[in-house]
Amino acid sequence: MNVTNFPRIEWLACYRTVLAAAGRDELDYPPVAGLPALCDALAGYLGRVRGVRGSAETVMVTAGFAQGLSLLCEALPKLGIRKLAIEDPGHNGQRRFIEECGMHSVPVRVDREGVDVAHLAATGARAVLVTPAHQYPTGVTMSAQRRRALIRWAQDVDGLIIEDDYDGEFWFDRRSRPSALQGMAPDQVVYAGTASKTLVPGLRLGWLVIPPHLAAMLSRIRSRHDLGSDGITQCAFAELITSGMLDRHLRRVRSRYRSRREAFTQAVELHLPQARVTGSSAGLHAYLQLPPDINESALVEAALARSVLVHGGSRYQFAPGERPPALVVGYSTLPLAGISESMYAIRDAVDEQRAARGRSLSAPPTRSRAKGRADARICAV
Ligand SMILES: Cc1ncc(COP(=O)(O)O)c(C=O)c1O
């Protein structure tokens with residue numbers, strides 16, 4: 001994520017406005033689930049942009065999704081749930097986090113339609129953490145059929161779906177953007193959003209929209225951890241939403257990220273035509289499936305030696321090596337020109353790897369060989 005896109009001027013204007021007007025309610029301890037002004041603003045905003053169904057009373061403002069997930073990991077055992085199914089491949093940091101929170105994480109296969117619901121049902125888990133809009137890291141969007149099957153599964157097992165909508169605001173695909181899964185089943189789905197990609201991770205600002213029957217329990221759990229999120233930050237964020245500044249900021253950065261995504265796709269077509277960008281065009285990263293003969297870990301190392309930082313797909317898998325070699329590439333921080341340079345450097349590393357094996361299967365070079373520019377860095381997400 002590119003922190004230089006943070007709308008400092010707008011944030012400062014909102015902060016000034018709310019600080020000048022702040023009275024006792026804003027300066028005193030906030031309600032543990034969030035100030036009504038922000039919960040209201042979020043309920044309206046999420047309904048409008050993501051099709052989330054919920055009132056202010058079902059919103060909880062958190063310190064990012066991380067806190068939301070930790071609260072949920074504490075709530076699940078109270079519902080008799082000790083296993084949390086997670087996507088494989090998925091976010092390896094979240095997997096560790098869930099285990100450290102005392103839950104048992106169970107991997108569930110992801111295919112071209114999203115999480116495999118038959119596999120999920122076979123695990124015996126009654127809760128699952130999914131990224132339906134833009135699967136992390138493969139970029140797959142969950143199909144309509146899978147969405148229905150997943151909700152049916154949750155109803156059948158009296159379970160819970162946690163929907164991590166971490167980059168739902170950045171959609172560049174020509175197909176229409178999928179609404180949040182939560183809108184189909186607000187009693188079965190906890191919707192989780194974050195300002196980490198839309199603004200910056202440093203704000204530590206996230207939110208849950210909780211099934212109404214769980215709202216009181218989550219507030220009780222939360223009140224044992226802290227006494228709510230910083231009130232002035234909540235007011236400033238509410239102001240950013242209601243003033244329309246957040247929408248304008250998102251329009252601006254969406255167009256920047258879209259052009260980087262396009263430049264990345266073009267660079268792949270030009271330099272690595274045998275590789276395939278999977279999933280929907282959305283978010284701040286791409287999953288690049290490599291030809292099967294490529295040694296993924298050697299390529300990651302060779303790319304780094306050319307100043308290009310990417311992660312191998314196996315880093316995101318429970319059992320590394322079960323999927324074709326891949327790279328996970330973050331393109332949001334690169335200048336446009338650097339994207340092609342970086343892909344060229346990766347192609348150079350691929351050619352070197354193949355030449356070392358005594359054969360070169362890649363398309364003939366399109367220009368003379370050159371090392372990637374030292375400042376050309378694709379960043380891993
Ligand atoms: C899959 C996924 N979920 C959620 C988050 C956000 O977590 P947090 O809100 O705690 O910063 C990230 C990172 O930005 C992520 O990659």
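Atom set for the values below is all heavy atoms of this structure, side chains included, hydrogens, waters and symmetry mates excluded. Ligands are counted one by one from 1 in listed order, and the atoms in each one are counted from 1 as well.
Taking the six-membered ring where the residue is Trp, the centroids of Trp207 and Tyr45 are separated by 6.0 Å or more. Aromatic rings from Tyr166 and Tyr136 are positioned such that their centres are separated by under 6.0 Å. Aromatic ring centres of His311 and His285 lie farther apart than the 6.0 Å criterion allows.
Residue contact check: Arg204 has heavy atoms under 4.0 Å from atoms 8 (P), 10 (O), 11 (O) of ligand 1. Of all atoms in ligand 1, numbered sequentially from 1 with element shown, those under 4.0 Å from a heavy atom of Gly64 are 9 (O), 10 (O). Annotation for ligand 1: atoms under 4.0 Å from non-hydrogen atoms of Phe65 are 4 (C), 7 (O), 8 (P), 9 (O), 10 (O). For ligand 1 and Ala66, the ligand atoms under 4.0 Å from any heavy atom of the residue are 10 (O). Listed by atom number, the atoms of ligand 1 under 4.0 Å from His91 heavy atoms are 1 (C), 2 (C), 15 (C), 16 (O).
Put simply, the side chain of Arg53 never gets that close to the backbone of Pro186: no donor and acceptor are under 3.5 Å apart.
Annotation: Ala63 places no N or O atom under 3.5 Å from an N or O atom of ligand 1; distance criterion only. Note: an N/O pair closer than 3.5 Å links Lys197 and ligand 1 by distance alone.
Nearest residue to atom 3 (N) of ligand 1 from Asp164, Thr62, Asp165 is Asp164 (criterion: closest heavy atom).
With no hydrogens or angles considered, a side-chain donor-acceptor pair links Thr141 and Ser280 at under 3.5 Å.
For atom 12 (C) of ligand 1, the closest non-hydrogen atom on the protein side is Tyr166 CB, 4.3 Å.
Contact record, His249 with Asn5: CE1-O, 3.1 Å, taken as the closest heavy-atom pair. The shortest non-hydrogen separation linking Asp167 to Leu284 is OD2-N, 4.2 Å.
Using a 4.0 Å heavy-atom cutoff, Gln94 is listed among the residues neighbouring ligand 1.
Counting heavy atoms under 4.0 Å from ligand 1, residue Ser196 touches it through the side chain alone.
A 6.0 Å sphere centred on CD of Glu99 holds more than 12 heavy atoms belonging to other residues, nucleotides or ligands.
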